[in-house]
Amino acid sequence: MAEYPSLHMIINGEKVSGGGRRTFDVVNPATGETIGALPLAGAADLDRALEVAKEGFAIWRKASAAERAAVLQGAARLMLERREELARIATMEQGKPLAESRIEVMMNVGLFQFYAGECQRIYGRELVRPEGQRSVVRYEPVGPVAAFAPWNFPIGNPGRKLGAPIAAGCSVIMKAAEETPGSALGVLQCLLDAGLPKEVAQAVFGVPDEVSRHLLGSPIIRKLSFTGSTVVGKHLVKLAADNMLRTTMELGGHGPVLVFGDSDLDKALDTAVGGKYRNCGQVCVSPTRFIVEESVFEKFRDGFVERAKAVKVGDGLEEGTQMGPMANPRRPEAMDHLIGDAKSKGAKLHIGGERIGNRGFYYAPSVLSEIPLDATIMNEEPFGPVALINPFRGEEAMIAEANRLPYGLAAYAWTGDAQRQRRLGREIESGMIGINSHMIGGADAPFGGVKWSGHGSEDGPEGVLACMHLKAVHEG
Ligand code: NAD
C-alpha cells in the first residue's frame, strides 16, 4: 500500500517544487509527526498559473459536452481504482477513520459521474420572434475559476471545486488546504490522467491570504468558489467585489436539531450520535445545537451520553476506529476554550471536555447540557466533537431557537407528526433540512446555505449552472 506521497504543485501539468520555494510541514494528526514538505507558491508561480488558466479556458470552453463528460467519467473510474490509496492519504493527513475516507472517495466518484451526465443536459432556449428574426438564450462558461477548498473533506472538497467548473467548460486554479494537499493532488491527477488538458485545472498552495489576494486581484479570474469559515468568506467576498466576480460561498453553520416528544427517540439518538462524532464534528453540516422538547429532554440527554461513551476513538488507520484525532492543533485548543467558557457560565459537562493522551490531536467525545445562550459555543460554530443539548417548551420556542443565529446551513428535525414536518420544512431558515434523517446531501441535490452560511449551491444541476452565465443573442 502506498505511503504518503511526495508533494508538489501542478502548474500547466508540471509537478512544481523545490527551487528555493518556502515550504509548509504537513503533519499526521494521529501522531503529530511531520509527513511531508509542501512547496508554497510565490508571485511568479501564481502569475504563471493565471496565464495557463487563460489558455485553459480558451481550450475548454470549446470542448464538446461529450469530451467533458468523457474526462469526468474517466476520472471517476480512476478514483474507484485508486480508492484505497486515496483514502489512506486522506486519513494520514486529516485523521478521519479510513471508513469515512473511503465513503468520501465514493461520494466523489458519484459526483463526477453525475456531472458527466449533467454537462450534457445544459439547454438554452429559443424565443418566439417574427419570421426572419431569431433570439436565443444560451449558457456560457463563466471563465477561469479560483477555488479554495478546506481540510475537513480532503477528497470531497477538491472534487466539488474541480468537478463543477470542468463540467461547465471553465478552467480552474485550485488552492486546497495546505494541511491536506496529498488528497487534493490525487483528485486532480485522476482528472489529468483521464485526459483533461493540462491547462484546464491546476493546483497551487501557499500562504492563503497571499494566494487569494493575488488570484482574485487578477482580471483573468471570473469566479470565486470558497468553502470555509464565515469570517474568511466575508473577507474573500470583499476581495471578489473589486473584480465583480461571481461567487459560490459555502461557509460555517451551527446545525440545530429539533427533537420532539412524538419522535422515534432511539432512531433519533442512533442517527444523531453517529452524525455528531463523524469526522470529529469537523463538518459544516454537523448536528450541533440539540433543541429538545422538555418532555423527553432527560431521556434524550442520557441516551446521548450513553452512546457517546461507546464511541471508539483512535488512529484512523486502525480498523474499528469510529472517531480519529482532530485535524490540527488549533481544534483541541478551540474546544478547551469553548467548553471552558460554557462551564464557567453554568453549563453542565456530562462527558469529555478534555484531550486524550499527549500524542496527536485527540479530543474526547463531549456532551454539554443546559448551556446559557450567551455562552460562546451557543453562538459560534464549535467545529468539534461536542453536542449541546438544551430543553425547550413547545414548537414555537424550538423554531425560534433554531432560527436565532445568523447561520443557516443544515438543520434537522425529529417528529412523527406529518403536519409539523411540513411546517418545519417551511419555517426553518436553512439551505438544507433533514426530517427524521441526517442524510441531507447527494450528487443530484443542491448543497449550500443561507444567511451567514453563504450563497450559491454545489452539487446538483445548480452546481454546474453556478459556473455559467447567460447570454441573450438577438439576430435581426
Ligand atoms: P480558517 O478560517 O483560517 O480557514 C478555513 C479554510 O479557509 C482553510 O482551508 C484555510 O486554508 C482557508 N483560508 C483561510 N484564509 C484564507 C484566505 N485568505 N484565502 C483563501 N483561503 C483561506 O481557520 P481553520 O482553523 O482552518 O478553520 C477554522 C474554522 O473554519 C472552523 O472552526 C470552521 O468554522 C471553519 N471551516 C469550515 C469548513 C466548511 O466546511 N464550511 C471547513 C473548514 C473550516
Side-chain angles (χ1 to χ4, degrees), residues 4-5 7 22-40 87-98 100-101 104 148-158 174-186 205-212 226-233 250-253 276-284 286 288 313-317 321 323-340 352-366 376-377 380-386:
Y4 196 72
L7 299 169
R22 296 163 294 176
T23 58
F24 175 90
D25 285 345
V26 178
V27 168
N28 179 343
T31 62
E33 283 161 12
T34 298
I35 51 175
L38 178 70
L40 303 182
R88 283 184 75 84
I89 293 170
T91 291
M92 273 189 261
E93 58 189 12
Q94 201 271 350
K96 64 175 63 180
L98 255 184
E100 286 186 28
S101 296
E104 224 186 296
F148 305 126
W151 42 263
N152 59 337
F153 286 87
I155 299 161
N157 288 327
M174 172 176 69
K175 188 202 81 61
E178 286 63 36
E179 283 145 336
T180 54
S183 315
L185 290 168
F205 298 98
V207 174
D209 201 44
E210 277 178 33
V211 178
S212 49
F226 174 72
T227 299
S229 61
T230 294
V231 173
V232 173
E250 207 271 270
L251 308 178
K276 177 68 255 177
Y277 300 114
R278 173 167 81 112
N279 198 4
C280 230
Q282 303 164 122
V283 180
C284 55
S286 189
T288 293
V313 182
D315 187 327
L317 289 176
T321 292
M323 190 177 98
M326 302 201 79
N328 58 56
R330 298 188 297 285
R331 300 315 313 149
E333 233 169 74
M335 286 302 103
D336 279 344
H337 167 72
L338 289 169
I339 293 176
E354 58 189 5
R355 302 170 194 223
I356 303 176
N358 51 14
R359 188 166 179 263
F361 315 132
Y362 292 96
Y363 207 85
S366 307
T376 309
I377 203 165
E380 288 176 15
E381 185 176 34
F383 225 60
V386 56

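Heads up: numbering here begins at 1 and tracks the sequence. Scope of the values below: all heavy atoms of this structure, side chains included, with no hydrogens, waters or symmetry mates.
Between the side chain of Tyr362 and the backbone N or O of Met326, no donor-acceptor pair lies under 3.5 Å. Judged purely by atom type and a 3.5 angstrom limit, Thr34 has no side-chain atom pairing as donor or acceptor with the backbone of Val26. Remark: the backbone N or O of Gln282 is not paired with any side-chain donor or acceptor of Ser286 at under 3.5 angstrom. A donor-acceptor contact shorter than 3.5 Å is absent between the side chain of Asp315 and the backbone of Ala30.
Between the side chains of Glu381 and Thr288, not a single donor N or O lies within less than 3.5 Å of an accepting N or O. With no hydrogens or angles considered, a side-chain donor-acceptor pair links Asn279 and Gln94 at under 3.5 Å.
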Notebook entry, point to check: Stepwise, does the side-chain contact (heavy atoms from CB on, under 4.5 Å) test hold for Phe24 with Leu7?
Noted result: CA-CA 10 Å; Phe24 175 90; Leu7 299 169; over 6 Å; no
Next item on the list: Show your reasoning for whether side-chain contact (heavy atoms from CB on, under 4.5 Å) applies to Leu338 and Val386.
Entry: CA-CA 10 Å; Leu338 289 169; Val386 56; over 6 Å; no
Next item on the list: Decide yes or no on side-chain contact (heavy atoms from CB on, under 4.5 Å) for Tyr4 and Ile89, but give the supporting numbers first.
Entry: CA-CA 6 Å; Tyr4 196 72; Ile89 293 170; 3.9 Å; yes
Next item on the list: Any chance you could lay out the side-chain contact (heavy atoms from CB on, under 4.5 Å) test for Glu33 and Arg359, step after step, and finish with the verdict?
Entry: CA-CA 9 Å; Glu33 283 161 12; Arg359 188 166 179 263; 3.7 Å; yes
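Taken from CG in Leu185 to CG in Leu38, the straight-line distance is 7.5 Å, to the nearest 0.5 Å. Remark: Ile356 CD1 to Phe361 CZ distance equals 14.5 Å, nearest 0.5 Å. In this structure, OG1 on Thr91 lies 4.0 Å from CG on Leu98, to the nearest 0.5 angstrom. Rounding to the nearest 0.5 Å places CG of Asp336 at 4.5 Å from CZ of Arg355.
By the 6.0 Å and 45° rule, Lys175 does not stack over the aromatic ring of Phe226.
The two atoms that bring Met335 and Pro382 nearest to each other are CE-O, 2.8 Å, heavy atoms only. Of all non-hydrogen atoms in Ala177 and Phe205, the two that sit nearest each other are O-CE2, 4.1 Å. Nearest heavy-atom pair, Thr321 versus Pro97, reported as atom, atom and distance to 0.1 Å: O-CB, 3.5 Å. Listed here is the closest heavy atom pair of Gly156 and Glu104: N-OE2, 2.7 Å. Contact record, Val283 with Asn152: CA-ND2, 4.0 Å, taken as the closest heavy-atom pair. Contact detail for Val313 and Pro365: the closest heavy-atom pair is CG2-CD, 3.8 Å.
Within a 6.0 Å sphere centred on CZ of Arg278, other residues, nucleotides and ligands contribute 12 heavy atoms or fewer.
Looking at Ser101 and Arg88, their side chains never come closer than 4.5 Å, going by heavy atoms from C-beta outward. Counting heavy atoms from C-beta on, the side chains of Ile155 and Pro158 never come closer than 4.5 Å. At least one side-chain heavy atom of Ile339 sits under 4.5 Å from a side-chain heavy atom of Ser366. Under the 4.5 Å side-chain criterion, counting only non-hydrogen atoms from C-beta, Pro208 is in contact with Glu178.
Residues Phe383 and Trp151 place their aromatic rings such that the two centres sit under 6.0 Å apart.
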